[in-house]
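All values reported here derive from a predicted model rather than from experimental measurement. Each chain gets a letter, A, B and so on, in the order its sequence line appears, and its residues count up from 1.
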Amino acid sequence: MFAVDQLLAARYQMALSLGFHIVLSCIGVALPAMIYVLHRRGIRDDDADSLALAKKWAKASAVLFAVGAVSGTILSFEMGLLWPGMMSRFGDVIGLPFAMEGIAFFVEAVFLGIYLYGWGRLRPEVHLRTLIPMMLAGLFGTFCVLAVNAWMNAPSGFRIDADGDVVDVDPLAAIFNSALWPQFLHMWVAAYAVTGFLAASVYAVGMLRGRRDRRHRIGFTVPFVFASIAVVMQPVIGHVAGLRLATEQPAKLAAMELATTTESNAPLRLGGVLIDGQVRGAIDIPGLGSLIARGGFDREIIGLDQIPDDEQPPANVVHLSFQTMVGAGFTMIGIAAWFQWRRRRSEDPFGSRWFLRAAVAAAVLSVVALEAGWITTEVGRQPWIVHDVMRVEDAVTPNEGIWISLAVVVVVYAAMGITASLVLLSMARRWRASDDLDLPTPYGPDAPPELVESRS
Amino acid sequence: VNLADLAAVLMFVGVLAYAIFGGADFGSGVWDLLAGDARRGGHLRAQIDRSIGPVWEANHVWLIYILVFLWTGFPEVFGAMMTTLFVPWMLVGLGIVLRGGAFAFRKFSSTVREARLHGIVFASSSVITPFFLGMIAGAIASGRVPADGSGDIWTSWTGPTSWIGGTLAVLTCAFLAATFLAADASRAGDHRLATDVGRKAVWSGVVTGAVALLAALTLELDAESLASGLHGRGLPLIVVSAAAGVVAIGLLRTGRWAAARVGAVIAVAAIVVGWGVGQYPDLLVDEVTIDQAAGARSTLIGLVIVFGFAAVTAVPALIWLYVLVNSAEWSAPEAGRSEH
């Protein structure tokens, strides 16, 4: 029993660390492109508002990227601290994309430093271009990390011989596994949706509070358009990502669809929970399940009845998180469409307070969809850490007391999340109060006297 | 060339780079902690912000580089190390999170009180983190990390070599940082600060040297395998390190900051390489050699290719960053800069 508890603590710690980092990594991947658009408008069109936005976003990203960098570092520790069984056995099968991701992280960190400190120091065109390597590093880094995660769903590039040893390691085959491309694209595009809606919501809130200047309109529109394009693409990419499940990970598909019995012409099951083997409270649309998951009404979907009990993921968690993601996704598409409709039909697209509220909701929904989608794929793979090859309980650390490190991580991440939010809010407050975009530090020789005097 | 050795050397390049760049980065936080109240320490803290602000994230990617090279090239050793040394690695992770977050938060604080709170977190985690990294190094160097990960979760990293390793790590970071900061302050035209930090560099250098002698004695008693490696192959490097350290301190005393920085880097680099050479061919001392620990051959080739890829992408970028940061224009305080 105690061993089971250790496993649960390790899983919670990993879930918390990843669930925290995934939001910040989205911002790290997608924000440089949005800053690029603003910065470019600023210097090409001599547009002071766009340039001011780029400069503010750069400062905000200094805070967000710092938290993202350190929470990402922790993950590399936790791969070994929590899952030494997997890393010892498969490190040389799937470590290489991590090594490449390290290089991408290097490039991103270097150009972030150059960009943040380059204001007024580099020639404007050169300064603008330092964002491009950051965008590429975000793209490549996403590819690398998702290659590893896809491999855990569709392990390839090795063989286990008669003695149980891992042999014939082929790192390229491991990287280019069958789940790679759709999973990578789904995540990369999600990063743009999340970052875009989050950034736009800041200005939607501002407009709701009556700040309707040009800067707010640009600050809303640029990221919102990025997110709109992204969110429209997601159902297609997600659909393709799901197609391999019927044959390669039937247990995950069965849980996502809450398919209790194996059937062709399987229904699409909206909502519902599984209680004692019975589906309660679901709305079934006949045949649609088979059509979406397999491309034909007559195609069979394997149900949980054909999956051994000890190889079943917790179906309710997977089903509800999957449907939450899909529901949030289509709602966001609706909000994005509303904006386009208003832009065409209305003289002032921001005239409707209901639209602005919806835009704020889109930011919340984007994070909900991100986390729910990630829970779907991770929990849907249980009890495996490497699908059909290694169980989580065989990978987890033998060390006891993981509850303690979990508690520490909970406290530290809560403190860090709250502090980062407070710092960003305080930056926004100071920017509203004065036109000075450079936020002076309250210490040091150049500190404004009124800040130094305020110490107690 | 033996492929496993090559992969180990490439990984060790990361250890060396992290010791120098990460070390100077951590050490800045040590001086931040000792800089006094907001009024007295403001000059130094502003210089620390300028010196490590653009580079700190890149400096700490070296640690990730080391870990990914280790788990890809030598997966079982990675698993063993993370299992036996769970506690210090967890503490290092905690320190890195608190330090990076607090450093960024402090820069954008709105009041001195806020800045002080973030500053204390940043500076104290700058001491704790290298200390535990030094303890980890001590555990490996003294042969206390078994190849199967079955080492005691407490005593494996609390032996004499770990204590002296942690102490030496913090002092080395402080010495490096003071020489770097003195050169930076002088380039920024703040000669009073340069002289002040230069004095700190001198005394921290002397203390570091003294503790290094104590460490040598500790290794003789507590880490015999490493000690015997250091008597043989490693000896020239120890001599180089000692000589470079003495020269660096001499240069600091005469105010030649830029040259002193080179001396300090050589002193630290030589001792780190000495550690690597001294424990070769063991990856975990007395437990497992590089050859025994090496993972699949195809993956080792992949690692070499990734390193080559890094050499043409990340390394030139890194060099550009360091050149910029060390240029006269980037060294100047921010006030009075023109906007574009």
TODO: Might you point out which heavy atoms bring A58(B) and V110(A) nearest each other, and give the distance in Å?
DONE: CB-CG2, 3.9 Å
- [ ] Identify which part of D49(B) has an atom lying under 4.5 Å from any heavy atom of chain A, answering side chain, backbone, both or neither.
- [x] both
Task: Contacting moiety of V87(B), where chain A heavy atoms sit under 4.5 Å - done: neither
- [ ] Under 4.5 Å, counting heavy-atom pairs only, tell me which of M81(B), R106(B), R99(B), R45(B) racks up the most with chain A.
- [x] R106(B)
Task: Under 3.5 Å donor-acceptor, R430(A) side chain and F108(B) backbone - done: yes
Open item on the list: Check this for me: I132(A), atom CD1, are more than 12 non-hydrogen atoms of other residues, nucleotides or ligands nearer than 6.0 Å?
Closed with: yes
Task: Atom pair CD1 (I153(B)) and CD (E400(A)), whose distance is rounded to the nearest 0.5 Å - done: 8.5 Å
Open item on the list: Below 30° counts as parallel, above 60° as perpendicular, anything between as tilted: where do the rings of F106(A) and W62(B) land?
Closed with: perpendicular
Open item on the list: So which residue, P171(A), P398(A), A174(A), G102(A), ends up with the most heavy-atom pairs under 4.5 Å with chain B?
Closed with: P171(A)
TODO: Please look at I96(B) and chain A and tell me whether the side chain, the backbone, both or neither of the residue comes under 4.5 angstrom of a heavy atom of that chain.
DONE: both
Open item on the list: Nearest 0.5 angstrom please: L422(A) CG to S110(B) OG, how far?
Closed with: 10.0 Å
TODO: Could you look at L116(A) and say if it's the side chain, the backbone, both or neither that has a heavy atom under 4.5 Å from chain B?
DONE: neither
- [ ] Decide yes or no for T111(B) and P442(A): does some side-chain heavy atom of the first lie under 4.5 Å from some side-chain heavy atom of the second?
- [x] no
Task: Over all atoms of both residues, closest heavy-atom pair of S88(A) and G79(B) - done: OG-CA, 3.4 Å
Open item on the list: Tell me if the NE2 atom of H43(B) is crowded by more than 12 foreign heavy atoms within 6.0 Å.
Closed with: no
Open item on the list: I'd like to know whether CD of E76(B) has more than 12 heavy-atom contacts from other residues, nucleotides or ligands below 6.0 angstrom.
Closed with: no
Open item on the list: With a 4.5 angstrom heavy-atom cut-off, is it the side chain or the backbone of V97(B) that approaches chain A, or both, or neither?
Closed with: both
TODO: Verify, without hydrogens or angle tests, whether S298(B) (side chain) and V169(A) (backbone) share a donor-acceptor contact under 3.5 angstrom.
DONE: yes
- [ ] To the nearest 0.5 angstrom, please state how far the NE2 atom of H60(B) sits from the OG1 atom of T73(A).
- [x] 9.0 Å
Task: Part of M100(A) within contact of chain B (heavy atom distance under 4.5 Å) - done: both
- [ ] Determine the minimum heavy-atom distance between G100(B) and V70(A), stating which atoms define it.
- [x] CA-CG1, 3.8 Å
TODO: Apply the side chain to side chain contact (heavy atoms under 4.5 Å, CB included) test between M82(B) and each candidate in N399(A), T397(A), L81(A); give the one that qualifies.
DONE: L81(A)
TODO: Determine the option with the most heavy-atom pairs under 4.5 angstrom with chain A, choosing from Y65(B), W89(B), Y322(B).
DONE: W89(B)
TODO: Among P54(B), G295(B), A294(B), A104(B), single out the residue with the greatest number of heavy-atom pairs under 4.5 Å to chain A.
DONE: P54(B)
Task: Contacts of residues 305-312 of chain B with chain A (heavy atom under 4.5 Å) - done: V306(B), F309(B), A310(B)
TODO: Please look at S76(A) and chain B and tell me whether the side chain, the backbone, both or neither of the residue comes under 4.5 angstrom of a heavy atom of that chain.
DONE: both
- [ ] Against chain B, label F65(A) side chain, backbone, both or neither, depending on which of its atoms sit under 4.5 Å from a heavy atom there.
- [x] both
Task: Among V423(A), I114(A), V167(A), residue most engaged with chain B (heavy-atom pairs, under 4.5 Å) - done: I114(A)
TODO: Report the distance from atom CE of M90(B) to atom CD1 of I74(A), rounding to the nearest 0.5 Å.
DONE: 6.5 Å
Open item on the list: Quick check for you: among V412(A), T419(A), V107(A), which has the greatest number of heavy-atom pairs under 4.5 Å with chain B?
Closed with: T419(A)
Task: chain B contact via V409(A) - side chain, backbone, both or neither, heavy atoms under 4.5 Å - done: side chain
Task: I94(A) versus chain B, the contacting section by heavy-atom distance below 4.5 Å - done: neither
TODO: Counting only heavy atoms closer than 4.5 Å, note whether H118(B) contacts chain A via side chain, backbone, both or neither.
DONE: side chain
- [ ] Name the option with the most non-hydrogen atom pairs under 4.5 Å to chain A; the candidates are L44(B), L67(B), T83(B), V315(B).
- [x] T83(B)
Open item on the list: If I measure from the heavy atoms of chain A, does L98(B) come under 4.5 Å with its side chain, its backbone, both, or neither?
Closed with: side chain
Task: Atom CZ of R432(A) with >12 non-hydrogen neighbours under 6.0 angstrom - done: yes
- [ ] Among the options F78(B), W71(B), F86(B), F74(B), pick out the one with the most heavy-atom pairs lying under 4.5 Å from chain A.
- [x] W71(B)
Open item on the list: Take a 6.0 Å sphere around CG of D46(A) and say whether it holds more than 12 heavy atoms from other residues, nucleotides or ligands.
Closed with: no
- [ ] List the atom of F111(A), the atom of A317(B), and the distance in Å for their closest heavy-atom pair.
- [x] CE1-CB, 3.6 Å
Task: Residue selection (most heavy-atom pairs with chain A, distance under 4.5 Å) from V61(B), V68(B), L303(B) - done: V61(B)
Task: Side chains of Y117(A) and R50(B) in contact at under 4.5 Å (non-hydrogen atoms) - done: no
TODO: Examine whether an atom of A420(A) lies under 4.5 Å from a heavy atom of chain B, and if so say whether it belongs to the side chain, the backbone or both; otherwise answer neither.
DONE: both
TODO: Give, as side chain, backbone, both or neither, the part of L63(B) having an atom under 4.5 angstrom from any heavy atom of chain A.
DONE: side chain
Task: Which atoms of L64(A) approach chain B - backbone, side chain, both or neither, heavy atom under 4.5 Å - done: neither
